[in-house]
Amino acid sequence: MSSNTLSHLKIIRPDDWHLHVRDGEGLKSVLAHTAGQCGRAIIMPNLTPPITSTQLAENYLQRIIHAIPENSPDFKPLMTLYLTDNTTPQEIEKAVKSGIIFAVKFYPAGATTNSDAGVSNIRKCYATLEKMQDLGLPLLVHGEATQYEIDIFDREKQFIDKTLKQLIIDFPELKIVFEHITTADAADFVSESPSNIAATITAHHLLMNRNDMLVGGIKPHHYCLPVLKRESHRLALVKAATSGNKKFFMGTDSAPHNRQKKETACGCAGMFTAFAAIELYAEAFDDAGALAQLEQFSSLNGPLFYGLKTNNDMISLKRKQWTVPDSYPFGDDIVIPLRAGQTINWKLDL
Ligand code: DOR
Ligand code: ZN
């Protein structure tokens, strides 16, 4: 039977290796979606102020644990530290010792939402990266060059050429996840790199290209960073995700902002996809005739890279078209989900 005639799919419970759950009022509303699907999630540290120390991560973890719904008691948040020019090797030791921190996030200053405190020049962090390499703590990279003159569609490729290649030469054993890759250049680069270099791919970059953001009027809910690219890049990402290559795994980059912050003259970057994360990936894999590869991408490759066990229970998906609500609650506000008012072809079978 070809995979696109399958009506049900049972896979090991997935994990989200790149997630924004925010803080305060909104945290509880968005976290419930991920906790209902995933065993674990890597929690991004780009709050205001950012999570720059083990102590701040401990405090944030307690707020997240408090927000986990009763019906998902086994969900585990995996915390990260936000790398700055001033992060010390001692802080890395503390982070590893704490047992709650699983990676450090490198935002080039100015690259995206709440990245002002990010790294001005990665050379300033070399002693800290040395310690991470020694202790096996992965570096998660927002891979975009930030100089204003660089065309926004070229920023990922420029980052590879100007920063990432050198980083890999200087730290040959550092575990690096090239986050939310969006180009054929990044997919090829990761494929050709040694096994300590991996990448996450979002569902939205597998499902959409830049026409979906710009043709027929600007769609602010399809604006994210790195920005959607042309179709040839999307096809390269689909090929990488469905290839069975262990270097590629699920990371939604679900990034909720309230409606007002998206539908405005200078809108925030980010798509909210956590409400249907695995369903959106299932649709992308189904479209590629590759449902048989979904489990490897969503549930096996991530834990393998991070040196963790796979989850020990299963989820079921059924082929069923359903209509996405126009909005979801986000604290006492609302967030507009991807595909609002439109359909998704797969549904988690609870
Ligand atoms: O689209 C994005 N939204 N990309 C990022 O890198 C950050 C994220 C956010 O925090 O809103
Ligand atoms: Zn992100």
Side-chain angles (χ1 to χ4, degrees), residues 15-24 26-27 29-31 34 38 41-52 60 64 77-83 102-119 138-146 152-153 155-156 159 176-183 186 199-208 210 212-213 218-229 237 249-264 266-274 277 280 302 330-331 333 335-338:
D15 302 296
D16 188 345
W17 300 98
H18 184 128
L19 178 68
H20 300 266
V21 293
R22 313 304 190 200
D23 206 353
L27 167 60
S29 355
V30 292
L31 183 69
T34 301
C38 293
I42 282 274
I43 307 293
M44 285 296 127
N46 62 332
L47 304 184
T48 33
I51 303 299
T52 50
Y60 187 28
I64 294 172
L78 310 177
M79 307 308 287
T80 59
L81 280 191
Y82 184 114
L83 186 68
F102 291 79
V104 174
K105 180 69 188 271
F106 164 24
Y107 288 105
T112 186
T113 310
N114 298 338
S115 64
D116 295 348
V119 173
L139 181 72
L140 312 184
V141 174
H142 182 109
E144 287 193 286
T146 52
I152 191 164
F153 292 104
R155 288 178 174 207
E156 191 168 274
F159 181 86
I176 297 178
V177 184
F178 196 168
E179 297 281 15
H180 42 52
I181 59 168
T182 62
T183 57
T200 52
I201 307 179
T202 76
H204 46 279
H205 289 102
L206 292 175
L207 289 164
M208 291 188 289
R210 62 196 192 181
D212 294 297
M213 176 178 59
I218 288 181
K219 316 284 191 324
H221 297 292
H222 291 173
Y223 172 61
C224 65
L225 287 170
V227 75
L228 295 172
K229 304 296 192 303
L237 299 177
F249 42 89
M250 166 169 154
T252 63
D253 198 16
S254 177
H257 294 277
N258 68 27
R259 179 182 192 154
Q260 218 181 353
K261 286 194 176 149
K262 295 287 295 174
E263 299 177 11
T264 179
C266 184
C268 288
M271 297 191 207
F272 177 57
T273 55
L280 288 164
F330 186 35
D333 211 323
V335 53
I336 310 298
L338 188 70

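Just so you know, these numbers use all the heavy atoms, side chains as well, and skip hydrogens, waters and symmetry mates. When a ligand or atom number is given, it counts from 1 through the structure's own listing order. Residue numbers count from 1 along this sequence.
Some N or O of Ala269 is nearer than 3.5 Å to an N or O of ligand 1, by distance alone. Residue Ala255 places no N or O, backbone or side chain, under 3.5 Å from any N or O of ligand 1. Taking only nitrogen or oxygen atoms, main chain and side chain alike, Asn46 reaches within less than 3.5 Å of ligand 1.
Across Tyr60 and Arg22, no two heavy atoms sit closer than the pair OH-O, 2.6 Å. The two atoms that bring Phe330 and Asn258 nearest to each other are CE2-N, 3.7 Å, heavy atoms only.
For the atom pair NZ of Lys105 and CD1 of Ile42, the computed distance is 10.5 Å after rounding to the nearest 0.5 Å. With rounding to the nearest 0.5 Å, the separation of CG in Asp333 from CZ in Arg259 is 10.0 Å.
Only the side chain of His142 comes within 4.0 Å of ligand 1, judged by heavy-atom distances. With a 4.0 Å cut-off on non-hydrogen atoms, Asn114 does not touch ligand 1 at all. Residue Arg22 touches ligand 1 through its side chain alone, judged by heavy-atom distances below 4.0 Å.
Nearest N, O or S atom of Asp253 to the Zn ion (ligand 2): atom OD1.
Counting the atoms of ligand 1 from 1 in the order shown, those under 4.0 Å from a heavy atom of Cys224 are 1 (O). Numbered from 1 in the order shown, with element, the atoms of ligand 1 that lie under 4.0 Å from a heavy atom of Asp253 read 4 (N).
Under the 3.5 Å distance criterion, the side-chain polar atoms of His205 are matched with a main-chain donor or acceptor of Pro226. For the pair Asn114 (side chain) and Asn46 (backbone), a donor-acceptor distance under 3.5 Å is present.
Contact annotation: Met271 has no heavy atom less than 4.0 Å from any atom of ligand 1.
Rounded to 10°, the angle that NE2 of His18 and NE2 of His20 form at the Zn ion (ligand 2) is 110°.
Protein heavy atom in closest approach to atom 5 (C) of ligand 1: Thr112 OG1, 3.0 Å.
Considering only heavy atoms from C-beta on, Leu338 comes within 4.5 Å of His222 through its side chain.
The residue among Val227, Leu225, Leu47 with a heavy atom at the shortest distance from atom 2 (C) of ligand 1 is Leu225.
At a threshold of 2.8 Å, the Zn ion (ligand 2) has no backbone or side-chain N, O or S atom of His142 nearer than that distance.
Side chains of Lys229 and Thr182: a donor on one and an acceptor on the other come within 3.5 Å.
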Please evaluate residues His142 and Thr112 with respect to the criterion side-chain contact (heavy atoms from CB on, under 4.5 Å), reporting the C-alpha separation (whole Å), side-chain torsions for both, the decisive distance (0.1 Å), and the verdict. CA-CA 9 Å; His142 182 109; Thr112 186; 3.7 Å; yes
